[in-house]
Amino acid sequence: MRESSLFRGKAVRLASALAAAAVLAGTPAVAATSTPSPNATGGSGGSSGAGNSSGTNVLPGTSFLTAGKMEAETSTTATASTGEYMYWSFPALAGQDVSAKVTLTLPGGRTAPTTWRVDVFDGIRRHQPCAIGRPQATAQAADAEVKIDCGPRTIRPWSEAWSADPLPGTYYVRIAATEIQEKDLGLKLKVTLELTADGDGDIGPDAGQDDSLKAPLVPITRGGQVLQPGQAAETRKVTMAGFDTGDDAWLSGTTGRWVWTAAGGVVAMLLGISGFMFARHPRRWFR
Amino acid sequence: MMTTTKRRIAAGIGALLVAAALGGATPAAADPDNGPANTPPPKVDLVLDLSGSMNQNDAGGQTRIDAAKKAFNEILEALPSEALVGLRVLGQGNPGNNKAAGCQETAQLAPVGKPDKAAMKVAVAAQRPTTGWTPIGLTLRKAAEDLGNEPGTSRRIILITDGEDSCAPPDPCEVARELAAAGLNLVVDTLGLVPDEKTRKQLTCIAAATGGTYTSANNAQELSERVTQLVDRAVVKAEEVTTPTTVKGSPNGCADAPLLGPGVYNDREEFEQHLWYRVPQLPGQELRASATVGIDRAVARDYDVTITATTEDGRDLARHTDAGSGRMDGQSAGLRYSMPAKGDDKPEAKDAKIVCLMVSTAFNANAGVPRTPGMPVELLVDLVAASDAQAADTHGLGRGWIFLGVLAGVGLVGGLLFGWLVRFFSGMRRAV
C-alpha cells in the first residue's frame, strides 16, 4: 500500500502524539474559559451554601429606587404592614435560573380573603413572566400562611434589543396584595423571601462569545441632569461582580469560529491518519 | 396620673419618630459609577397628633411606658448629629368648640435641622394631649414648609394620628397629592392609632398619594413595635438615597421636549397625555430608559404603560408596553436601544443623535377621581456601552471543545475503520 509507506517509524509516532496532545490540551482549558460560577463571584455573600441566610436580614424598600439589596441564594425575613408594596433587588448572571420563594405569615383578625402576588422585574423594570412557580395566591380570612413563588426564564447572555428576554444584571422582586379589604390594611405581616439561583452561570461554550451584552442591566441611581443643546453625556461604566462581557474571551467572535473549525479539521485529519496507521500496521506501535 | 402617662407615651413616640429620621440621615454611600457623591441629606419632619384619645386602649401599661421611655433615651442617644429632623404637633391647644381657632392648632416644636436632643426631649414631654380639633390638611402643608424647598433633597413626613381630619376643607388627601406633585420628593408615611374606618381611609389615601406606607397599631406595645419597624427599615435604607430630578416633559411632541442626560427623573402625567423627552445619544452608546407610572389614586382594574424611542423624524427605534391589573403601586415599562460605534474614534458631542422618548399610558378612572395633578412618573435614562443589536452570522462554523472532540472522534473512528478495511482486503488478496 503506497499511502502506508509515506509514514513510517518516527513520523507515525510524531503524528499520533500531536493528535493526542491536541485532544488532551482541551481538558484543562474547559475550566479556564467557562463563565465564572455565581458562588465564586457572589461578592459580599462569601459562603456559598444554597439558600443560606447571609446573617442579617435585608428589609424591604417601598419602591424600585429604595429596594432592599440582597444577594442571589440568600434569604431574608422582615415584618411589614399588610397592603404595603415590598421591593428587594439582587444581581444575577447569564445561565442562572433564579427564583423568588415567598412565605407570608398573615396576621389574625382579618375580615376577608386577600390575594397576594410576587413579581420579578429585570434591571430596566421590564416585568418578567414566571416560567415556573405560582406567583399569585388567595389567602382566606382564616389562613395563617400563604406561599407564592416565581421563577423567570433562564437568564441569557445576550438578546436582541427589541426582545424582553431576561439578561444579566439587577433583578427586582415585588410582593404586593393585589386584592385586599380596606379593613385589613396596615396589619402586621411577616415576610420570608428566599432567593435561589440554579445553574452555575456556564451555559455552554457559545455563551456570550459571538454576541454578548456589553453592560449588565444595573440601573443608574443618581438624579438626572437636564442638558443644554449641543451637549452629550459620557458613557456610564457599569460593573457587576462576576459579569464578563466576553470581549477578552479566548478566541471570541467569527474569527474564533474559523480557528476552532480549522483546528478541528486538522485534529480530525491527524487522528484519522493515526487511526489508519494503527489499524493497518498495529505491530509497529508495540515494537 | 393619666396626663403624665399620656405625656410619657407621647414622648416615647416622639423619640421613636426622631429615630425614624435617621433613615435618611446617613450620607449616601458613593459608588463611583452609579452613586450620588454629594446628595444632600434627606429631611424628615415628624408629626404627632395630640388631639385625641390615642392612649385610651393602653390600660395601666406602666412597664410599656417605661420601655417606651427607655427606647426614647436610647434612640435619642444614638441619633447621628448630621440627621436633619424636625418635630411638629397638631391639635395641641384646647380651644373647646371654636372650630376656626381649633383648626389652626399646629405648632413646630423643633425646626428641621440637626437635632438639639435635650431640647426636643423637653419639648415633647411638655406637650399635653388634649381633645381639640384635628387639622391634618393644614398640618401637612405646614410640615412641607418646615422641610424647605431646595432642590435635590428627599423629604419625608411621618404622621401619627388616632383620628381623621376634622377640619376639611382642605381635604388632607388632596393636600397630600398636591404636595407630592410639587416636585419636592416628598413622601408621607402614616401610622394610625386604633384607627376607625374613616381614619384608615384617610391615612391610606395620604400614603398612596405620596408613595408612602400605611401602618396601624392598636395598643402601646403594637405602637412601639410598628414604629420600631418603620425606624429599622428607614435606618437600613439610609446608605442608598436616590433623589430624582424634577423635569417637565413636553405633551406636544419631541421638538420642544427637554434634553435629558443619564439619571433618574420625576414628572407628572395626566390621563391620555403623551410625555416627550429628548436624549442625545453618541455612537457606541446604548440608551436604556424605564418609566414607572405611580398609581396614586383609584383607577380602573386594567391599565398599561408604553415607552417608545423614536428618531426626530419619527422612525421607531424601540418600544415596550406592559400591562397590569388590580391594586398596585405602579406600572413600569423599559427599553434598550444600541447605536453602533463608528470606527475607532472617540465620538464627540457633535456626533450625537437625538432620540425622542415618549411615555404614554392607558389609565381609566371613575368620574369622581381627580384628574389633576397627573400621576407620578419616574423616568430612568441611562447611557452605557452599546451591545450588538442583531445576532452575528456564524457562517455555519463551529466552536468549542465538544465540537472539536466530535471532529477528532469522527476522524479517529474513520481512520481506524479504513485501516482495518484496508488490512482485511490486503490480507484477502494475499490469501488469494
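Residue numbering restarts at 1 for every chain, and letters A, B, ... go by the order of the sequence lines. Just so it is clear, the values below take in all heavy atoms, side chains as well, and ignore hydrogens, waters and symmetry mates.
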Q. What part of Y214(B) gets closer than 4.5 Å to chain A, counting heavy atoms only: side chain, backbone, both or neither?
A. both
Q) Given a strict heavy-atom distance threshold of 4.5 Å, which part of Y172(A) is in contact with chain B: side chain, backbone, both, or neither? A) neither
Q) Does atom CD of Q225(A) have more than 12 heavy-atom neighbours, drawn from other residues, nucleotides or ligands, at distances under 6.0 Å? A) no
(Q) If the contact rule is any heavy atom under 4.5 Å from chain A, which residues of residues 328-338 of chain B qualify, in numerical order? (A) M328(B), D329(B), G330(B), S332(B), A333(B), G334(B), L335(B), R336(B)
Q) Measuring heavy-atom distances to chain A, does K346(B) have an atom under 4.5 Å in its side chain, in its backbone, in both, or in neither? A) side chain
Q) What residue, out of S159(A), G123(A), G272(A), has the most heavy-atom pairs lying under 4.5 Å from chain B? A) G272(A)
Q | Contacts of Q128(A) that satisfy side chain to side chain donor-acceptor pair (under 3.5 Å) - sequence neighbours left out | A | D122(A), R153(A)
Q | E160(A), part contacting chain B, at a heavy-atom distance under 4.5 Å | A | both
Q: Flag the pair F121(A) / F64(A) as yes when their ring centroid distance falls below 6.0 Å, and as no otherwise.
A: yes
(Q) Given heavy-atom pairs under 4.5 angstrom as the criterion, report whether the side chain, backbone, both or neither of L317(B) touches chain A. (A) backbone
Q: Pick one of side chain, backbone, both or neither for A262(A), based on which atoms fall under 4.5 Å of a heavy atom in chain B.
A: neither
**Q.** T178(A) portion near chain B, given a 4.5 angstrom heavy-atom threshold
**A.** both
Q) Counting only heavy atoms not in K248(B), do more than 12 sit closer than 6.0 Å to its NZ atom? A) yes
Q) Checking R319(B) against chain A: side chain, backbone, both or neither under 4.5 Å from a heavy atom? A) both
Q.
Report which part of A386(B) has an atom under 4.5 Å of a heavy atom belonging to chain A: side chain, backbone, both, or neither.
A. backbone
Q | Part of V381(B) within contact of chain A (heavy atom distance under 4.5 Å) | A | backbone
Q: Among G414(B), G411(B), A349(B), G324(B), single out the residue with the greatest number of heavy-atom pairs under 4.5 Å to chain A.
A: G411(B)
Q. What part of A176(A) gets closer than 4.5 Å to chain B, counting heavy atoms only: side chain, backbone, both or neither?
A. side chain
Q | Engaged part of T204(B) at the chain A interface, taking heavy atoms whose separation is under 4.5 Å | A | side chain
Q.
If I measure from the heavy atoms of chain B, does E234(A) come under 4.5 Å with its side chain, its backbone, both, or neither?
A. both
(Q) Counting only non-hydrogen atoms closer than 4.5 Å, does P107(A) touch chain B with its backbone (N, CA, C, O), its side chain (CB onward), both, or neither? (A) neither
